[in-house]
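For ligands, and for the atoms within them, numbers begin at 1 and follow the listed sequence. Bear in mind that the values here come from a model prediction, so they are computed numbers and not experimental data.
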Amino acid sequence: MRYMKVISVTSGSKGGTGKSTIMVNTAVLHAYMATRRERLVMLLDAEPQAATSTLLLSRKIYNELRKGSIRSLTDFLTGNANFDDVFYVLKFKEPEQFYIAISSLVAPVDKLKQLKDKDINDLHSKLSEFIDELTKNLDLEAIYIDLPATSVFSSLSLAVYAVSDLIVPVGTPDPSCLISLYTTVMAIRDYIKPPPTIAPVVLNRISSSNAIEPITNLHYKVLYNRLINSGVFELREDENLSIARSAGLIEVLSRSLKYNSTVRALLKYAHKIATYPVEHTMRTISDHSKVSTMIGTNISEHAESILLALLRSRSRKPL
Ligand SMILES: Nc1ncnc2c1ncn2[C@@H]1O[C@H](COP(=O)(O)OP(=O)(O)OP(=O)(O)O)[C@@H](O)[C@H]1O
Ligand SMILES: [Mg+2]
(Lines give C-alpha, C1' and ligand atoms only; values in the text may rest on other atoms or scores of the structure.)
(Ligands and ions follow the chains in the order given, each with its own letter.)
Protein backbone atom coordinates (compact mmCIF):
# COMPACT_ATOMS: atom_id res chain seq x y z
CA MET A 1 0.00 0.00 0.00
CA ARG A 2 1.29 3.50 -0.80
CA TYR A 3 1.90 6.24 1.75
CA MET A 4 -1.29 7.59 3.34
CA LYS A 5 -1.99 9.69 6.42
CA VAL A 6 -5.03 10.86 8.38
CA ILE A 7 -5.10 14.47 9.63
CA SER A 8 -7.70 16.00 11.92
CA VAL A 9 -8.20 19.35 13.57
CA THR A 10 -9.03 20.61 17.05
CA SER A 11 -9.72 23.87 18.83
CA GLY A 12 -10.88 22.25 22.05
CA SER A 13 -14.31 23.54 22.98
CA LYS A 14 -13.96 26.95 21.30
CA GLY A 15 -15.90 27.56 18.12
CA GLY A 16 -15.04 29.81 15.21
CA THR A 17 -11.25 29.69 15.56
CA GLY A 18 -10.69 28.83 11.89
CA LYS A 19 -10.63 25.00 11.89
CA SER A 20 -12.72 24.59 8.75
CA THR A 21 -10.81 27.38 6.99
CA ILE A 22 -7.50 25.60 7.67
CA MET A 23 -8.83 22.12 6.86
CA VAL A 24 -10.61 23.04 3.63
CA ASN A 25 -7.65 24.99 2.31
CA THR A 26 -5.08 22.38 3.28
CA ALA A 27 -7.14 19.56 1.83
CA VAL A 28 -7.69 21.50 -1.39
CA LEU A 29 -4.00 22.38 -1.73
CA HIS A 30 -3.06 18.76 -1.04
CA ALA A 31 -5.72 17.49 -3.48
CA TYR A 32 -4.33 19.80 -6.13
CA MET A 33 -0.79 18.46 -5.61
CA ALA A 34 -1.96 14.83 -5.38
CA THR A 35 -3.93 15.05 -8.64
CA ARG A 36 -0.64 15.83 -10.43
CA ARG A 37 0.67 12.51 -9.02
CA GLU A 38 -2.56 10.75 -10.03
CA ARG A 39 -3.51 10.23 -6.41
CA LEU A 40 -6.50 11.38 -4.39
CA VAL A 41 -7.19 13.34 -1.18
CA MET A 42 -10.39 13.13 0.87
CA LEU A 43 -11.99 15.80 3.02
CA LEU A 44 -14.17 14.15 5.63
CA ASP A 45 -16.62 16.51 7.26
CA ALA A 46 -17.35 15.31 10.78
CA GLU A 47 -19.44 18.33 11.66
CA PRO A 48 -22.95 16.80 11.54
CA GLN A 49 -24.96 20.03 11.56
CA ALA A 50 -23.04 23.12 10.50
CA ALA A 51 -20.80 21.25 8.05
CA THR A 52 -18.88 24.22 6.68
CA SER A 53 -16.60 22.00 4.64
CA THR A 54 -19.34 20.15 2.77
CA LEU A 55 -21.21 23.37 2.22
CA LEU A 56 -18.16 25.17 0.88
CA LEU A 57 -17.25 22.45 -1.52
CA SER A 58 -20.73 21.64 -2.78
CA ARG A 59 -24.03 23.23 -1.78
CA LYS A 60 -25.87 20.69 -3.93
CA ILE A 61 -24.39 17.68 -2.09
CA TYR A 62 -24.98 19.42 1.24
CA ASN A 63 -28.71 19.89 0.49
CA GLU A 64 -29.16 16.30 -0.64
CA LEU A 65 -27.37 14.94 2.44
CA ARG A 66 -29.59 17.06 4.66
CA LYS A 67 -32.74 15.73 3.03
CA GLY A 68 -31.41 12.19 3.15
CA SER A 69 -31.80 11.73 -0.59
CA ILE A 70 -28.19 10.56 -0.74
CA ARG A 71 -26.34 8.47 1.84
CA SER A 72 -23.84 9.97 4.26
CA LEU A 73 -21.04 8.74 6.47
CA THR A 74 -23.66 8.68 9.25
CA ASP A 75 -25.36 5.82 7.35
CA PHE A 76 -22.10 3.89 7.17
CA LEU A 77 -21.26 4.41 10.85
CA THR A 78 -24.71 3.25 11.92
CA GLY A 79 -24.50 0.16 9.70
CA ASN A 80 -26.94 1.39 7.02
CA ALA A 81 -24.67 1.81 3.99
CA ASN A 82 -21.60 0.43 2.26
CA PHE A 83 -18.42 2.49 2.37
CA ASP A 84 -18.59 3.22 -1.38
CA ASP A 85 -22.09 4.74 -1.11
CA VAL A 86 -20.94 7.52 1.18
CA PHE A 87 -18.27 9.52 -0.61
CA TYR A 88 -18.25 11.70 -3.72
CA VAL A 89 -15.43 12.82 -5.96
CA LEU A 90 -15.66 16.46 -7.01
CA LYS A 91 -13.90 17.86 -10.02
CA PHE A 92 -12.57 21.44 -10.06
CA LYS A 93 -11.50 23.03 -13.30
CA GLU A 94 -9.47 26.02 -12.15
CA PRO A 95 -6.66 26.74 -12.80
CA GLU A 96 -6.01 23.18 -13.96
CA GLN A 97 -8.28 20.23 -13.41
CA PHE A 98 -8.05 18.59 -9.99
CA TYR A 99 -10.12 16.17 -7.92
CA ILE A 100 -11.08 15.97 -4.26
CA ALA A 101 -13.12 13.26 -2.56
CA ILE A 102 -15.62 14.33 0.08
CA SER A 103 -17.50 12.39 2.72
CA SER A 104 -19.77 13.97 5.27
CA LEU A 105 -21.75 13.17 8.41
CA VAL A 106 -24.52 15.55 7.35
CA ALA A 107 -27.82 13.65 7.52
CA PRO A 108 -31.46 14.11 8.56
CA VAL A 109 -31.99 14.54 12.30
CA ASP A 110 -33.38 11.05 12.97
CA LYS A 111 -30.24 9.48 11.49
CA LEU A 112 -27.98 11.79 13.46
CA LYS A 113 -29.78 10.73 16.60
CA GLN A 114 -28.87 7.10 15.91
CA LEU A 115 -25.27 8.16 15.53
CA LYS A 116 -25.34 10.06 18.80
CA ASP A 117 -26.44 6.93 20.66
CA LYS A 118 -23.49 4.90 19.44
CA ASP A 119 -20.90 3.55 21.84
CA ILE A 120 -17.44 5.04 21.48
CA ASN A 121 -15.82 1.66 20.78
CA ASP A 122 -18.27 0.97 17.95
CA LEU A 123 -17.70 4.43 16.50
CA HIS A 124 -13.95 4.00 16.60
CA SER A 125 -14.05 0.59 14.94
CA LYS A 126 -16.55 1.67 12.24
CA LEU A 127 -14.46 4.75 11.48
CA SER A 128 -11.31 2.59 11.26
CA GLU A 129 -13.18 0.20 8.96
CA PHE A 130 -14.22 3.11 6.73
CA ILE A 131 -10.61 4.32 6.46
CA ASP A 132 -9.34 0.78 5.77
CA GLU A 133 -11.90 0.25 3.01
CA LEU A 134 -11.06 3.61 1.46
CA THR A 135 -7.33 2.95 1.44
CA LYS A 136 -7.82 -0.51 -0.04
CA ASN A 137 -10.04 0.77 -2.82
CA LEU A 138 -8.80 4.28 -3.66
CA ASP A 139 -5.28 5.53 -4.17
CA LEU A 140 -5.60 7.97 -1.28
CA GLU A 141 -2.67 10.08 -0.17
CA ALA A 142 -4.40 11.74 2.79
CA ILE A 143 -7.70 12.05 4.61
CA TYR A 144 -8.45 15.40 6.28
CA ILE A 145 -11.12 15.33 8.98
CA ASP A 146 -12.88 18.56 9.97
CA LEU A 147 -14.48 18.49 13.42
CA PRO A 148 -16.84 20.79 15.31
CA ALA A 149 -15.70 22.48 18.50
CA THR A 150 -16.53 19.96 21.24
CA SER A 151 -15.34 18.69 24.54
CA VAL A 152 -12.49 16.23 23.94
CA PHE A 153 -14.68 13.76 25.78
CA SER A 154 -17.25 13.57 23.05
CA SER A 155 -17.41 10.10 21.53
CA LEU A 156 -17.19 11.46 18.02
CA SER A 157 -14.13 13.65 18.49
CA LEU A 158 -12.28 10.97 20.48
CA ALA A 159 -13.02 8.38 17.80
CA VAL A 160 -11.71 10.83 15.18
CA TYR A 161 -8.54 11.61 17.15
CA ALA A 162 -8.01 7.87 17.58
CA VAL A 163 -7.84 7.33 13.80
CA SER A 164 -5.60 10.39 13.24
CA ASP A 165 -1.87 10.35 12.59
CA LEU A 166 -1.51 14.14 12.80
CA ILE A 167 -3.61 16.66 14.72
CA VAL A 168 -3.73 20.32 13.79
CA PRO A 169 -4.54 22.58 16.77
CA VAL A 170 -6.22 25.84 15.76
CA GLY A 171 -6.86 28.53 18.37
CA THR A 172 -7.14 32.27 18.82
CA PRO A 173 -4.79 34.11 21.17
CA ASP A 174 -7.27 34.59 24.01
CA PRO A 175 -6.49 32.72 27.23
CA SER A 176 -9.73 30.74 27.45
CA CYS A 177 -9.10 29.38 23.98
CA LEU A 178 -5.51 28.47 24.86
CA ILE A 179 -6.59 26.59 27.96
CA SER A 180 -9.19 24.62 26.06
CA LEU A 181 -6.74 23.81 23.29
CA TYR A 182 -4.04 22.81 25.73
CA THR A 183 -6.37 20.57 27.72
CA THR A 184 -7.57 18.83 24.60
CA VAL A 185 -4.05 18.24 23.30
CA MET A 186 -2.98 16.80 26.67
CA ALA A 187 -6.04 14.54 26.83
CA ILE A 188 -5.31 13.27 23.32
CA ARG A 189 -1.76 12.45 24.36
CA ASP A 190 -2.94 10.77 27.53
CA TYR A 191 -5.78 8.65 26.13
CA ILE A 192 -4.74 7.69 22.62
CA LYS A 193 -2.03 5.09 22.24
CA PRO A 194 0.29 5.55 20.47
CA PRO A 195 -0.49 9.28 20.58
CA PRO A 196 -0.88 11.02 17.22
CA THR A 197 1.67 13.70 16.27
CA ILE A 198 0.67 17.24 17.19
CA ALA A 199 1.33 19.79 14.43
CA PRO A 200 2.48 23.35 15.20
CA VAL A 201 -0.40 25.30 16.73
CA VAL A 202 -2.15 27.82 14.48
CA LEU A 203 -2.77 31.04 16.40
CA ASN A 204 -5.42 32.55 14.17
CA ARG A 205 -7.24 35.87 13.98
CA ILE A 206 -4.42 37.92 15.49
CA SER A 207 -5.30 41.59 15.38
CA SER A 208 -3.92 44.79 16.85
CA SER A 209 -6.27 44.37 19.81
CA ASN A 210 -5.31 40.81 20.78
CA ALA A 211 -1.78 40.28 19.47
CA ILE A 212 0.23 42.15 22.04
CA GLU A 213 -2.08 41.62 24.98
CA PRO A 214 0.37 40.92 27.81
CA ILE A 215 -0.19 37.52 29.34
CA THR A 216 0.08 38.51 32.96
CA ASN A 217 -1.71 35.62 34.62
CA LEU A 218 0.82 32.96 35.60
CA HIS A 219 -1.46 30.09 34.60
CA TYR A 220 -1.90 31.42 31.11
CA LYS A 221 1.78 32.22 30.79
CA VAL A 222 2.59 28.56 31.53
CA LEU A 223 -0.01 27.41 29.02
CA TYR A 224 1.16 29.80 26.35
CA ASN A 225 4.76 28.71 26.73
CA ARG A 226 3.76 25.05 26.57
CA LEU A 227 1.85 25.60 23.36
CA ILE A 228 4.71 27.63 21.89
CA ASN A 229 6.99 24.65 22.59
CA SER A 230 5.28 22.63 19.90
CA GLY A 231 5.77 25.50 17.44
CA VAL A 232 3.30 28.26 16.68
CA PHE A 233 2.17 29.56 13.37
CA GLU A 234 0.51 32.98 13.41
CA LEU A 235 -2.27 34.09 11.09
CA ARG A 236 -3.64 37.63 11.11
CA GLU A 237 -7.29 38.66 11.20
CA ASP A 238 -7.91 39.39 7.53
CA GLU A 239 -11.13 40.10 5.70
CA ASN A 240 -9.90 37.97 2.81
CA LEU A 241 -10.51 34.97 5.04
CA SER A 242 -13.92 36.07 6.27
CA ILE A 243 -17.07 33.98 5.94
CA ALA A 244 -17.89 33.93 2.24
CA ARG A 245 -14.30 33.22 1.46
CA SER A 246 -13.39 30.43 3.82
CA ALA A 247 -12.31 28.36 0.86
CA GLY A 248 -9.59 30.93 0.19
CA LEU A 249 -7.42 28.65 -1.86
CA ILE A 250 -10.21 27.70 -4.22
CA GLU A 251 -10.70 31.40 -4.80
CA VAL A 252 -6.98 32.00 -5.20
CA LEU A 253 -6.85 29.23 -7.75
CA SER A 254 -9.76 30.79 -9.60
CA ARG A 255 -8.00 34.17 -9.25
CA SER A 256 -10.86 35.93 -7.52
CA LEU A 257 -9.10 36.47 -4.19
CA LYS A 258 -6.35 38.96 -3.52
CA TYR A 259 -3.16 36.99 -3.02
CA ASN A 260 -1.94 38.89 0.02
CA SER A 261 0.38 38.06 2.93
CA THR A 262 -2.33 36.32 5.04
CA VAL A 263 -3.32 34.08 2.16
CA ARG A 264 0.37 33.36 1.54
CA ALA A 265 0.84 32.48 5.22
CA LEU A 266 -2.21 30.20 5.15
CA LEU A 267 -0.85 28.41 2.10
CA LYS A 268 2.58 28.07 3.68
CA TYR A 269 1.04 26.35 6.70
CA ALA A 270 -1.17 24.21 4.44
CA HIS A 271 1.89 23.09 2.52
CA LYS A 272 3.69 22.23 5.74
CA ILE A 273 0.78 20.03 6.86
CA ALA A 274 0.29 18.42 3.44
CA THR A 275 3.94 17.36 3.39
CA TYR A 276 4.27 16.55 7.12
CA PRO A 277 5.79 13.08 7.43
CA VAL A 278 3.81 10.90 9.86
CA GLU A 279 3.24 7.19 10.05
CA HIS A 280 -0.25 5.78 9.55
CA THR A 281 -0.81 3.22 12.28
CA MET A 282 -3.52 1.52 14.37
CA ARG A 283 -4.30 3.36 17.59
CA THR A 284 -6.37 2.48 20.62
CA ILE A 285 -8.29 4.54 23.14
CA SER A 286 -6.75 3.68 26.49
CA ASP A 287 -8.31 3.76 29.91
CA HIS A 288 -11.59 3.20 28.25
CA SER A 289 -13.87 3.00 31.27
CA LYS A 290 -12.49 6.28 32.61
CA VAL A 291 -12.99 7.99 29.28
CA SER A 292 -16.55 6.66 29.01
CA THR A 293 -17.52 8.16 32.33
CA MET A 294 -16.07 11.49 31.30
CA ILE A 295 -17.97 11.68 28.02
CA GLY A 296 -20.34 14.60 28.29
CA THR A 297 -18.60 16.13 31.29
CA ASN A 298 -17.78 19.78 31.27
CA ILE A 299 -14.35 20.35 29.79
CA SER A 300 -13.63 23.27 32.09
CA GLU A 301 -13.77 21.06 35.19
CA HIS A 302 -11.28 18.75 33.60
CA ALA A 303 -9.17 21.67 32.38
CA GLU A 304 -8.85 22.99 35.88
CA SER A 305 -7.59 19.70 37.29
CA ILE A 306 -5.08 19.31 34.47
CA LEU A 307 -3.89 22.86 34.93
CA LEU A 308 -3.39 22.37 38.65
CA ALA A 309 -1.50 19.13 38.06
CA LEU A 310 0.60 20.90 35.48
CA LEU A 311 1.49 23.73 37.80
CA ARG A 312 2.43 21.27 40.54
CA SER A 313 4.58 19.13 38.32
CA ARG A 314 7.65 20.49 36.66
CA SER A 315 8.70 17.18 35.26
CA ARG A 316 6.06 17.03 32.57
CA LYS A 317 7.62 17.04 29.13
CA PRO A 318 6.75 19.79 26.67
CA LEU A 319 4.17 18.92 24.00
N1 LIG B 1 -7.64 34.91 9.90
C2 LIG B 1 -8.93 35.18 9.72
N3 LIG B 1 -9.34 36.45 9.49
C4 LIG B 1 -10.65 36.75 9.32
N5 LIG B 1 -11.63 35.85 9.34
C6 LIG B 1 -11.30 34.58 9.58
C7 LIG B 1 -9.94 34.16 9.78
N8 LIG B 1 -9.92 32.82 9.98
C9 LIG B 1 -11.21 32.42 9.92
N10 LIG B 1 -12.03 33.47 9.67
C11 LIG B 1 -13.49 33.47 9.56
O12 LIG B 1 -14.01 33.16 10.85
C13 LIG B 1 -15.19 32.39 10.74
C14 LIG B 1 -14.99 31.08 11.47
O15 LIG B 1 -14.02 30.32 10.76
P16 LIG B 1 -14.20 28.77 10.57
O17 LIG B 1 -15.56 28.44 10.13
O18 LIG B 1 -13.05 28.29 9.77
O19 LIG B 1 -14.01 28.36 12.10
P20 LIG B 1 -14.30 26.97 12.79
O21 LIG B 1 -13.29 26.83 13.86
O22 LIG B 1 -14.36 25.91 11.76
O23 LIG B 1 -15.73 27.22 13.39
P24 LIG B 1 -16.70 26.11 14.08
O25 LIG B 1 -16.16 25.88 15.45
O26 LIG B 1 -18.03 26.78 14.07
O27 LIG B 1 -16.62 24.90 13.20
C28 LIG B 1 -15.42 32.21 9.25
O29 LIG B 1 -16.30 33.21 8.86
C30 LIG B 1 -14.04 32.40 8.65
O31 LIG B 1 -14.13 32.83 7.33
MG1 LIG C 1 -15.86 24.49 11.38
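Residue-to-ligand polar distances place G18 within reach of ligand 1: an N/O pair is separated by less than 3.5 Å. Polar contact check, T52 against ligand 1: no nitrogen or oxygen pair lies under 3.5 Å apart.
Contact annotation: S53 places no N, O or S atom under 2.8 Å from the Mg ion (ligand 2).
Checked against a 6.0 Å centroid threshold, the rings of F130 and F76 count as neighbours.
A parallel orientation is assigned to the rings of F98 and F92, their planes being inclined by less than 30° (bins at 30° and 60°).
With R71 contributing its side chain and N80 its backbone, the two residues share a donor-acceptor pair below 3.5 Å. Using modelled atom types, no side-chain atom of S72 and backbone atom of L65 make a donor-acceptor pair closer than 3.5 Å. Without hydrogens or angle criteria, S58 side chain to I61 main chain gives a donor-acceptor distance under 3.5 Å.
Every atom of ligand 1 with a heavy atom of T21 under 4.0 Å away is listed here by number and element: 9 (C), 15 (O), 16 (P), 18 (O), 30 (C).
Among L203, I22, D238, N204, the residue whose heavy atom sits closest to atom 8 (N) of ligand 1 is N204. Looking at E47, Q49, E234, R205 and measuring to atom 5 (N) of ligand 1, the nearest heavy atom belongs to R205.
Within the structure, ligand 1 lacks E239 among the residues with a heavy atom less than 4.0 angstrom away. Between G16 and ligand 1 there is a heavy-atom distance shorter than 4.0 Å.
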